[in-house]
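First the structure, in the form of structure tokens, and then the observations on it.
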Amino acid sequence: VADDITRSRAELRELINGFRVTQTLYVLVTSGVADLLAGGPRTAEDLAASIGAHGRALYRLLRALAGLGVLQEDEGHRFELTPLGDGLRTEAPGSLAAWAAYEGSPVNWLTWGNLSESIRTGETGYRLLFDVDAWTYRASHPEEQEAFDRAMVSLTAGASQAVVNAYDFSRFRSVVDIGGGHGGFLGAVLTHSPSVTGVLFDQPHVVAGARDVLREFGVDDRCRVEGGSFFDSIPAEGDAYVLKSVIHDWDDLEAGRILGVCRRCMPAGAVMILIERVLAPPNEGVDDKLSDLNMLVNPGGMERSAEEFEALLRAAGFRLVSITPTESQYKVIEAAPI
């Protein structure tokens, strides 16, 4: 029994100390050390001279990261990236560097630091700290918006490939990506389905940076970019309408408004596709349930169960057709107008 308690407390201590891991990864990325190590093993003193840091303090950080398996320390006290840590290089395939930089950032740290008040009041951390919603705050702090956009792009690449591998978009003539950001997901769809054309729709200041992304995918000649608000209207000429990681940003009232606008503007026979996390049954799926808390703390939305999605869609005039799993955290929820 004593051994069981000891093991249990050690596991619990790891959970309690999770914030320390986030910050060590944040510093590794934002200091530039992860990218510097792309060239091969280096000592802490050498790296410290390159970034203007305290040599001994940096060594203490790097050896902790080696303990986490992100770095490897050799007998000469040189450090190199492990295959795990390689994903923190900016240029690594499927890099999570921007996500680490966002998760450990001071503003995100502050909003999560107000979790107890969010639980007590139901208000987001942004409302509690800054008296505005997350979107308004970022609009007035361009550096925060840029960091958020980079983080979203960082998460989108791998998940997009998993979605297009699992769901057949080639059966559509035209896919309209609503709230599609800079076009990373739509670019993946059009690359995977060469016969499909696309429309990228988001706020004007967001889609302003989309052409370069679509050009990198080689699909800009098959995609129209349009600015606007999904609270007002959406393009009306598609036969598949995608909302990827949009509905979870909003509570039921606002999510219903978005879906209602889509229902009103979609042509007859068109399909609605939500790409979202779907909450697992009780005692399962901790990643999605922590994401749900992130929705509470940051934008004020929520992750939903299959039953909650079905009810939300029905209230907006849709029937749930199918939920397709992917090899990512996302599922593809297909719905049709009633």
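Quick note: residue numbers are just sequence positions, from 1.
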Do [X] and [Y] share a hydrophobic cluster (ILVMFWY, side-chain heavy atoms under 4.5 Å, transitive)?
| X | Y | value |
| --- | --- | --- |
| Tyr330 | Val271 | yes |
| Val163 | Leu214 | yes |
| Leu28 | Leu58 | yes |
| Ile323 | Ile247 | yes |
| Tyr167 | Phe318 | no |

Legend entry - The single option from Thr191, Leu190, Leu186 passing side-chain contact (heavy atoms from CB on, under 4.5 Å) against Phe217: Thr191
Would you say the side chain of [Y] lies within less than 4.5 Å of the side chain of [X], judging by non-hydrogen atoms?
| X | Y | result |
| --- | --- | --- |
| Leu65 | Leu25 | yes |
| Asn17 | Arg13 | yes |
| Val242 | Leu274 | no |
| Ile333 | Leu320 | yes |
| Leu312 | Glu310 | no |
| Arg138 | His141 | no |
| Val261 | Phe230 | no |
| Leu243 | Leu259 | yes |

Inset, instruction - Evaluate the criterion side-chain contact (heavy atoms from CB on, under 4.5 Å) for residue pair Val213 and Asp220; output intermediate values, then yes/no. - result: CA-CA 8 Å; Val213 173; Asp220 55 312; over 6 Å; no
Inter-residue atom distance [X].[atom1] - [Y].[atom2], 0.5 Å rounding:
| X | Y | atom1 | atom2 | answer |
| --- | --- | --- | --- | --- |
| Arg9 | Asp4 | CZ | CG | 10.5 Å |
| Cys265 | Glu237 | SG | CD | 11.0 Å |
| Leu155 | Met152 | CG | CE | 5.0 Å |
| Ile119 | Ser116 | CD1 | OG | 8.5 Å |
| Leu296 | Glu123 | CG | CD | 9.5 Å |
| Glu80 | Gln72 | CD | CD | 6.5 Å |

Do [X] side-chain atoms and [Y] backbone N/O form a donor-acceptor pair below 3.5 Å?
| X | Y | result |
| --- | --- | --- |
| Asn114 | Leu110 | yes |
| Ser193 | Ser195 | no |
| Ser118 | Gly122 | no |
| Asn165 | Gln161 | yes |
| Thr6 | Ala2 | yes |
| Ser154 | Ser95 | yes |
| Tyr241 | Pro235 | yes |
| Asp251 | Gly301 | no |
| Ser233 | Ser229 | no |
| Arg314 | Arg319 | no |

Under 3.5 Å, is there a donor on one side chain and an acceptor on the other for [X] and [Y]?
| X | Y | value |
| --- | --- | --- |
| Thr136 | Asp133 | yes |
| Ser291 | Glu303 | yes |
| Asp239 | Ser174 | no |
| Arg78 | Thr43 | no |
| Thr121 | Arg127 | no |

Inset, instruction - Test side-chain contact (heavy atoms from CB on, under 4.5 Å) on Ile258 and Trp250 and set out the steps. - result: CA-CA 9 Å; Ile258 296 166; Trp250 306 92; 3.5 Å; yes
Legend entry - Stepwise side chain to side chain donor-acceptor pair (under 3.5 Å) test for Thr111 and Asn298: CA-CA 7 Å; Thr111 55; Asn298 282 306; 3.2 Å; yes
Inset, instruction - Name all residues meeting the salt bridge (charged side-chain N to carboxylate O under 4.0 Å, His left out) criterion together with Glu226; count only those two or more places apart in sequence or in a different chain, and write none if there are none. - result: Arg224
Inset, instruction - Classify the angle between the aromatic ring planes of Phe130 and Tyr137 as parallel (below 30°), tilted (30 to 60°) or perpendicular (above 60°). - result: parallel
Looking at [Y] and [X], is there a salt bridge between them, counting it only when a charged N and a carboxylate O are closer than 4.0 Å?
| X | Y | result |
| --- | --- | --- |
| Asp292 | Arg304 | no |
| Arg277 | Asp288 | yes |
| Asp168 | Arg171 | no |
| Arg150 | Glu144 | no |

Legend entry - Chi angles and distances behind the side chain to side chain donor-acceptor pair (under 3.5 Å) call for Asp249, Trp135: CA-CA 10 Å; Asp249 285 336; Trp135 319 110; over 6 Å; no
Evaluate whether atom [atom1] of [X] has more than 12 neighbouring non-hydrogen atoms of other residues, nucleotides or ligands under 6.0 angstrom away.
| X | atom1 | result |
| --- | --- | --- |
| Glu11 | CD | no |
| Glu327 | CD | no |
| Glu14 | CD | no |
| Glu143 | CD | yes |
| Arg173 | CZ | yes |

Inset, instruction - Please report the shortest heavy-atom distance between Asn108 and Asn294, naming the atom on each side. - result: OD1-OD1, 4.4 Å
Inset, instruction - Taking all heavy atoms of Val207 and all of Val225, pick out the closest pair and write down the distance. - result: CB-CG1, 3.5 Å
Inset, instruction - Kindly determine whether Lys331 and Thr324 satisfy side-chain contact (heavy atoms from CB on, under 4.5 Å), including the steps that lead there. - result: CA-CA 6 Å; Lys331 292 182 171 59; Thr324 303; over 6 Å; no
Inset, instruction - Using the side chain to side chain donor-acceptor pair (under 3.5 Å) rule, take Thr22 and Glu103 through it: C-alpha gap first, then chi angles, then the decisive distance, then the call. - result: CA-CA 7 Å; Thr22 301; Glu103 281 290 274; over 6 Å; no
Legend entry - Close aromatic pair by centroid cut-off 6.0 Å: Phe148 and Trp99: no
Inset, instruction - Any pair with a residue in residues 2-60 that passes ring pair (Phe, Tyr, Trp, His ring centres under 6.0 Å), sequence neighbours left out, goes on the list, sorted by first then second residue, please. - result: Tyr59-His77, Tyr59-Phe79
